Amino acid sequence: MDDVLYATDRFLLEPYLYSFIDSPLVQEPTLPRNIFGVWFILSIGGILMYISFAALSYLFIFDKSAEKDPLFLKNQVAKEIGLSLASIPFMGVLTTPIILGEIYGYSKCYDNVEEYGLPFLILTIFTFLFFTDFGIYWIHRALHSRYLYFWCHKPHHWWKVPTPFASHAFHPVDGWAQSLPYHIYVFLFPTHKWTYLALFVFVNFWTISIHDGDYRVPGFFRPILNGAAHHTDHHLLFNYNYGQFFTLWDRIGGSYKTPLVHESPEKQEEAKRKKAARKQKKAE
């Protein structure tokens with residue numbers, strides 16, 4: 001992140017913002033200037049990444065027929081975007097101290113691949129995914145407790161039929177809490193800094209992908225990967241499929257449920273009949 005901060009500071013903030021401010025706090029890379037720079041990257045960069053990835057997913061992947069579902073809210077896409085744009089800057093505030101700790105040398109990030117070797121770098125990718133999946137599972141599950149759900153996690157469950165724009169539509173504390181394992185990892189384990197940055201981008205892309213309603217997963221990976229089908233069922237059923245990348249911890253924690261779209265045709269038909277009966281009963 002230090003290289004990103006330097007480039008943002010040198011080529012964007014300094015010529016277009018700091019040059020117009022007559023204060024010693026911004027005339028050189030002081031701590032206040034670095035704090036603002038990190039927040040700017042997390043907030044403005046985060047918004048641009050969210051809007052671009054989510055828009056592409058919505059336009060080219062998301063099944064628009066889902067918007068006809070009775071559980072799809074009126075003006076839901078606009079509401080998802082509105083909550084995301086309001087929350088991301090506050091998530092940036094909460095995350096800035098952690099990133100500053102990494103930039104000021106308190107993490108185990110390293111510059112040169114040769115320092116630990118290419119095999120270790122490749123191993124880092126897998127350990128990062130497993131470590132963060134473990135952490136997010138338990139944090140996400142805790143957010144569903146009666147102590148945290150209503151004041152913190154409930155806004156993300158307004159979207160019973162989510163679109164890609166729901167991916168970042170969190171209460172700020174909720175989004176920050178679920179991102180903690182990504183940042184904690186580099187303080188515990190040596191991580192190549194550009195690999196860490198790439199994984200951070202991947203995590204945001206994955207978060208969008210599990211909200212895109214595209215349930216196509218090769219049969220071999222269906223029991224392993226926690227994809228859009230699993231997460232859509234989580235939005236509908238609440239207490240199942242808390243995982244981020246894999247189904248391992250849901251299986252261990254007793255919260256795994258095979259997504260309906262991966263069930264047999266008979267079970268799908270039975271579920272449809274039950275859904276139709278509930279709708280008819282509600283209408284009566």
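The structure displayed is predicted, hence computed values, not measured ones. All residue numbers refer to positions in the sequence shown, counting from 1.
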More than 12 non-hydrogen atoms from neighbouring residues, nucleotides or ligands closer than 6.0 Å to CZ on Phe11, yes or no? yes
Sub-6.0 Å ring centroid separation between Phe200 and Tyr182: no
Are the aromatic ring centres of Trp206 and Phe245 under 6.0 angstrom apart? yes
Can any side-chain N or O of Asn112 pair as donor or acceptor with the backbone N or O of Glu114 at less than 3.5 Å? no
Give a yes or no answer on whether the side chain of Arg251 reaches the backbone of Pro223 with a donor-acceptor pair at less than 3.5 Å. yes
Between [atom1] on residue [X] and [atom2] on residue [Y], distance to nearest 0.5 Å:
X: Trp158; Y: Leu73; atom1: CH2; atom2: CG; answer: 10.0 Å
X: Asp2; Y: Asn34; atom1: CG; atom2: CG; answer: 10.5 Å
X: Ser179; Y: Ile98; atom1: OG; atom2: CD1; answer: 6.5 Å

Test side-chain hydrogen bond (donor to acceptor under 3.5 Å, both in side chains), reference Ser255, set Tyr240, Tyr137, Tyr242, Trp249, output is Tyr137
Fit a plane to each ring of His231 and His156, take the angle between them on a 0 to 90° scale, and name the class: parallel (under 30°), tilted (30 to 60°) or perpendicular (over 60°). tilted
Parallel, tilted or perpendicular: ring planes of Tyr18 versus Phe36, cut at 30 and 60 degrees: perpendicular
Should Val186 and Leu123 be counted in the same cluster of Ile, Leu, Val, Met, Phe, Trp and Tyr side chains packed under 4.5 Å apart? no
Do the charged groups of Lys257 and Asp233 touch, with an N to O distance under 4.0 Å? no
